[in-house]
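Working notes for the structure below.
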Amino acid sequence: MDKKLYRSKTDRKLSGVCGGVAEYLAVDPTIIRILTVIAALFSCSLVVFLYIACIFIIPEDSGYIEPEYREKD
């Protein structure tokens, strides 16, 4: 199993960073979003700059599903 971090195309509010991190960690995206907002408030906006950097660094999910993971009819 080769997990990779991508920005989510399906679970996004702004750019899909929190949705992608949540998919990678297998947790609820709302928890990641709440933790991100709390961290941004207490880090003097350092997290905001990291979030913006992640928009450009983390690639967007292509939406391609490998054949062995597709749902069978």
Side-chain angles (χ1 to χ4, degrees):
M1 184 169 91
D2 192 22
K3 270 182 19 174
K4 293 186 180 182
L5 178 62
Y6 293 105
R7 289 186 294 131
S8 177
K9 270 188 165 179
T10 58
D11 190 11
R12 59 175 22 174
K13 297 297 180 197
L14 293 175
S15 65
V17 174
C18 291
V21 170
E23 288 174 11
Y24 183 78
L25 297 175
V27 297
D28 186 19
T30 306
I31 294 171
I32 300 297
R33 290 184 183 108
I34 290 171
L35 290 174
T36 302
V37 169
I38 291 171
L41 293 174
F42 289 107
S43 69
C44 299
S45 299
L46 177 64
V47 173
V48 174
F49 293 119
L50 290 174
Y51 186 89
I52 293 170
C54 286
I55 293 172
F56 296 105
I57 294 171
I58 300 174
E60 189 171 45
D61 184 17
S62 64
Y64 174 74
I65 300 173
E66 294 186 21
E68 66 260 12
Y69 295 112
R70 289 185 185 163
E71 292 182 19
K72 296 187 180 4
D73 293 329

Closest non-hydrogen atom pair between [X] and [Y], with its separation:
X   : Y   : answer
A22 : P29 : CB-CA, 3.5 Å
Y51 : V17 : CE1-CB, 3.5 Å
R33 : C18 : CG-CB, 3.7 Å

Find out if a path of hydrophobic residues (ILVMFWY) with successive side-chain heavy-atom gaps under 4.5 Å connects [X] to [Y].
X   : Y   : result
F42 : L50 : no
Y24 : I32 : yes
V21 : V27 : yes
F56 : V48 : yes
L5  : L25 : yes

Could you state the interatomic distance from [atom1] ([X]) to [atom2] ([Y]), rounded to the nearest 0.5 Å?
X   : Y   : atom1 : atom2 : result
L41 : T36 : CG    : OG1   : 11.0 Å
I52 : I57 : CD1   : CD1   : 11.5 Å
I55 : E60 : CD1   : CD    : 11.0 Å

- Query: Just by distance, do the side chain of R7 and the backbone of G20 share a donor-acceptor pair under 3.5 Å?
  - Reply: no
